[in-house]
Amino acid sequence: MAIGEAIAEGGRDFIRDIVQADLDAKRHSTVVTRFPPEPNGYLHIGHAKSICLNFGIAAEFGGRCHLRFDDTNPAREEQEYIDAIERDVRWLGFDWGPHLHHASDYFDRLYEWAEVLVKAGKAYVDDQTPGQMRVNRGTLTEPGKNSPFRDRTVEENLDLLRRMKAGEFPNGARVLRAKIDMASGNINLRDPVLYRILHASHPRTGTAWSIYPSYDFAHGQSDAIEGITHSICTLEFEDHRPLYDWFLDNLPVPAHPRQYEFARLNLTYMVLSKRVLTTLVRDGHVNGWDDPRMPTLAGLRRRGVPPEAIRDFIKRIGVAKANSVVDAAMLDFSIREALNKTALRRMAVLRPLKVVIENYPEGPGEELEAVNHPDNPDAGSRKIRFGRELYIERDDFMENPPKKFFRLSPGTEVRLRYAFFITCREVVKDDKGEVIELRCTYDPATRGGNAPDGRKVKATIHWVSAVDSKPAEVRLYNPLFSKPDPTGGEGFTADLNPQSLEVLSGARVEPALAVGSNAADPVQFERQGYFVRDLDSTADRLVFNRTVGLRDTFAKEVGGKS
RNA sequence: UGGGGAAUAGUUCAAUGGUAGAACAGCGGACUCUGACUCCGUUAAUCUAGGUUCGAAUCCUAGUUCCCCAGCCA
């Protein structure tokens with residue numbers, strides 16, 4: 001891809017400016033980035049920002065991007081997450097080629113470097129308990145105190161480190177720490193932990209190790225080993241940068257990558273915290289990581305969101321260093337924009353109301369032509385069956401309509417899309433006064449949807465035939481959280497939206513939705529929204545997820561409707 | 001009271017000493033066999049106070065507000 005067009009693709013931001021400047025100054029011949037997830041949860045839309053940034057920059061500037069698992073803590077990492085992450089990054093549209101790496105690939109080298117630091121008198125084994133370490137670390141405003149073990153000899157440190165590695169000590173007995181400055185204003189520099197004892201089986205290295213490197217000790221060196229030029233991470237690592245640089249300055253690394261930080265993504269009505277998402281899954285507040293209400297890539301995918309919509313959204317929100325909360329309406333916009341172009345149009349009645357056309361003959365009815373996409377003739381058309389008995393949307397009828405209501409009501413005429421004009425003649429109710437059926441008449445001259453006499457109707461409504469429409473379950477999703485700024489803290493369940501899932505079990509859909517090799521493709525249910533078949537569907541039970549509703553200015557005006 | 005960051009329309013992002021602009025959201029209208037799409041119009045911002053300068057969102061000084069850091073998590 002040519003650099004010029006690629007830049008248009010990704011937009012401009014301060015990180016791309018830095019990369020461009022580095023390339024211009026010939027500090028690097030090739031840009032190399034990396035996306036470094038820890039496999040302890042599923043990827044969410046916040047990660048998508050980082051993925052698009054890292055892979056996007058690599059593509060735009062003709063470099064490469066590595067997928068590197070930051071698997072330094074076997075106590076919380078699992079193979080399921082590793083597989084899910086690879087699947088999701090690919091689905092989003094990115095390819096790491098041969099560059100699938102793991103921090104664990106470097107465990108040997110990292111360990112050698114730990115010995116290098118020990119031999120240089122820049123690291124020591126500390127026997128303090130976690131509690132003692134915490135106390136001696138000081139506070140935000142008071143300096144820490146040196147550990148009583150800080151001045152052990154190189155020989156003793158080396159011996160202890162090797163025995164830690166050999167598994168001689170129990171979990172937590174000792175740690176290896178860098179000897180930097182216990183009085184630093186930056187707490188990351190108060191003798192950070194390099195290695196901790198962890199007798200745990202690692203998904204890749206099994207039980208080969210009894211000690212595992214910390215994030216700080218592993219990350220920058222992994223970047224250096226892989227020849228990463230720009231190590232892009234989120235804001236909370238900003239004050240780790242001096243430490244990142246300290247390791248690279250004090251170790252015989254092959255390169256010195258530079259770390260840059262950007263603000264992570266936040267969205268209204270969502271919580272993007274691994275802790276909260278994990279709890280949601282674990283405690284059954286949602287039905288798994290791919291629940292369509294989840295902000296995970298797996299959840300968005302199942303809900304029917306196309307990857308290009310996510311990429312477009314990420315491009316629109318930009319990259320900066322100021323904390324921000326993006327309006328979820330922006331995501332919806334990108335989803336609608338992507339789907340509007342491609343989704344075939346279909347008719348489905350979510351909450352059916354029976355209509356009998358009194359002057360239409362009994363019998364098999366007739367076939368009418370409906371286009372599949374109004375803006376794309378190549379999408380072709382299909383036949384839909386019209387008959388004496390139909391279903392329309394309950395919302396499309398009101399017995400006592402307000403004056404801005406254009407749809408069906410007693411005595412009014414509307415168009416049935418691609419079919420005929422009908423007029424409501426009679427309302428049938430049950431003993432409770434509930435409307436259960438409409439008796440209407442149709443105008444045979446309006447076949448196809450136009451009146452020869454040129455008369456107009458104020459509304460066109462969708463419908464399905466009572467005889468050949470298929471029953472379906474439709475799942476409507478609303479925000480998982482009821483507040484625009486859910487806490488995400490301890491009592492986050494209090495902010496959960498009890499209406500986040502609405503199941504409509506009595507929907508009727510046109511037959512075209514039940515067949516076809518492309519049954520998994522997103523569709524637009526006309527006048528309602530974009531939907532996709534859920535994987536819970538079976539041969540005799542269709543299930544659809546609402547990806548996103550159509551913009552609905554009428555609902556906004558009257559202030560109702562789900 | 002330590003260290004590190006950030007403040008521009010309602011929201012997100014531009015403007016890199018020279019006309020404060022875009023997208024989303026909102027509002028109004030046109031079009032329409034989807035109250036969709038599309039199109040047109042429109043409301044709306046430089047955290048505060050000083051200073052430098054012909055000219056400041058941008059540079060300087062002082063302040064204000066918000067975010068992050070005291071895991072053997074990442």
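Residue numbering restarts at 1 for every chain, and letters A, B, ... go by the order of the sequence lines. Only a predicted model underlies this, so the values are computations on that prediction, with no experimental measurement involved.
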In whole Å, I'd like the distance from the [atom1] atom of [X] to the [atom2] atom of [N].
{"X": "Q528(A)", "N": "U34(B)", "atom1": "CD", "atom2": "C1'", "result": "10 Å"}
{"X": "D375(A)", "N": "U32(B)", "atom1": "CG", "atom2": "P", "result": "15 Å"}
{"X": "E142(A)", "N": "G3(B)", "atom1": "CD", "atom2": "P", "result": "14 Å"}
{"X": "N376(A)", "N": "U38(B)", "atom1": "CG", "atom2": "C1'", "result": "16 Å"}
{"X": "F406(A)", "N": "U34(B)", "atom1": "CZ", "atom2": "C1'", "result": "14 Å"}
{"X": "D552(A)", "N": "U34(B)", "atom1": "CG", "atom2": "C1'", "result": "11 Å"}
{"X": "Q259(A)", "N": "G5(B)", "atom1": "CD", "atom2": "P", "result": "12 Å"}

Base-contact (B) and sugar-phosphate-only (S) positions in [range], heavy-atom cut-off under 4.0 Å, - elsewhere:
{"range": "nucleotides 68-74 of chain B", "value": "BBBSBBB"}
{"range": "nucleotides 10-25 of chain B", "value": "-BSSS-B------BSS"}
{"range": "nucleotides 39-47 of chain B", "value": "---------"}

So do [Y] and [X] actually touch side chain to side chain, heavy atoms under 4.5 Å?
{"X": "E510(A)", "Y": "L513(A)", "result": "yes"}
{"X": "C52(A)", "Y": "K315(A)", "result": "no"}
{"X": "N340(A)", "Y": "Y530(A)", "result": "yes"}
{"X": "H101(A)", "Y": "Y106(A)", "result": "yes"}
{"X": "P242(A)", "Y": "N188(A)", "result": "no"}
{"X": "V414(A)", "Y": "I392(A)", "result": "no"}
{"X": "L267(A)", "Y": "F313(A)", "result": "yes"}
{"X": "D71(A)", "Y": "H202(A)", "result": "yes"}

Salt bridge D396(A)-R527(A), side-chain N to carboxylate O under 4.0 Å: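 A salt bridge is present here (some side-chain N lies under 4.0 Å from a carboxylate O).
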Sidechain N-carboxylate O distance under 4.0 Å for R407(A), E393(A):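 So R407(A) does not pair with E393(A) through a salt bridge.
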For [N] versus [M], give the span between their [atom1] atoms, rounded off to a whole number of Å.
{"N": "G3(B)", "M": "G51(B)", "atom1": "C1'", "result": "29 Å"}
{"N": "A57(B)", "M": "U32(B)", "atom1": "P", "result": "46 Å"}
{"N": "C13(B)", "M": "U52(B)", "atom1": "P", "result": "33 Å"}
{"N": "U65(B)", "M": "U1(B)", "atom1": "P", "result": "11 Å"}
{"N": "A56(B)", "M": "U48(B)", "atom1": "C1'", "result": "16 Å"}
{"N": "A9(B)", "M": "A14(B)", "atom1": "P", "result": "13 Å"}
{"N": "U42(B)", "M": "A22(B)", "atom1": "P", "result": "11 Å"}
{"N": "G41(B)", "M": "A23(B)", "atom1": "P", "result": "11 Å"}

Report which part of the nucleic acid [X] touches: base, sugar-phosphate, or nothing (heavy-atom distance under 4.0 Å, all strands).
{"X": "F405(A)", "result": "base"}
{"X": "P143(A)", "result": "nothing"}
{"X": "E526(A)", "result": "base"}
{"X": "Y418(A)", "result": "base"}

May I have all residue pairs that pass salt bridge (Lys or Arg N to Asp or Glu O under 4.0 Å) and include part of residues 162-173 of chain A, sequence neighbours excluded? E115(A)-R162(A), D159(A)-R163(A), R163(A)-E168(A)
What class does the angle between the rings of [X] and [Y] fall in, given that below 30° is parallel, 30 to 60° is tilted and above 60° is perpendicular?
{"X": "W289(A)", "Y": "Y42(A)", "answer": "parallel"}
{"X": "Y195(A)", "Y": "Y111(A)", "answer": "perpendicular"}
{"X": "F386(A)", "Y": "W463(A)", "answer": "perpendicular"}
{"X": "H44(A)", "Y": "H47(A)", "answer": "tilted"}

Does G71(B) sit syn or anti, given that only angles within 90° of 0 count as syn? syn
When only distance counts, do a donor and an acceptor, one from the side chain of Q524(A) and one from the base of U34(B), lie under 3.5 Å apart? yes
Phosphate-side-chain proximity, R527(A) and G35(B), N/O vs OP1/OP2 below 4.0 Å: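 So the side-chain polar atoms of R527(A) do come within 4.0 Å of the phosphate oxygens OP1 or OP2 of G35(B), strictly under.
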May I have all residue pairs that pass side-chain hydrogen bond (donor to acceptor under 3.5 Å, both in side chains) and include part of residues 325-335 of chain A, sequence neighbours excluded? D312(A)-S334(A)
Its dot-bracket string being built from Watson-Crick and G-U pairs below 3.5 Å, with | for another strand and [ ] for crossing, RNA chain B has the pattern .((((((..((((....[..)))).(((((.......)))))....(((((..]....))))))))))).....
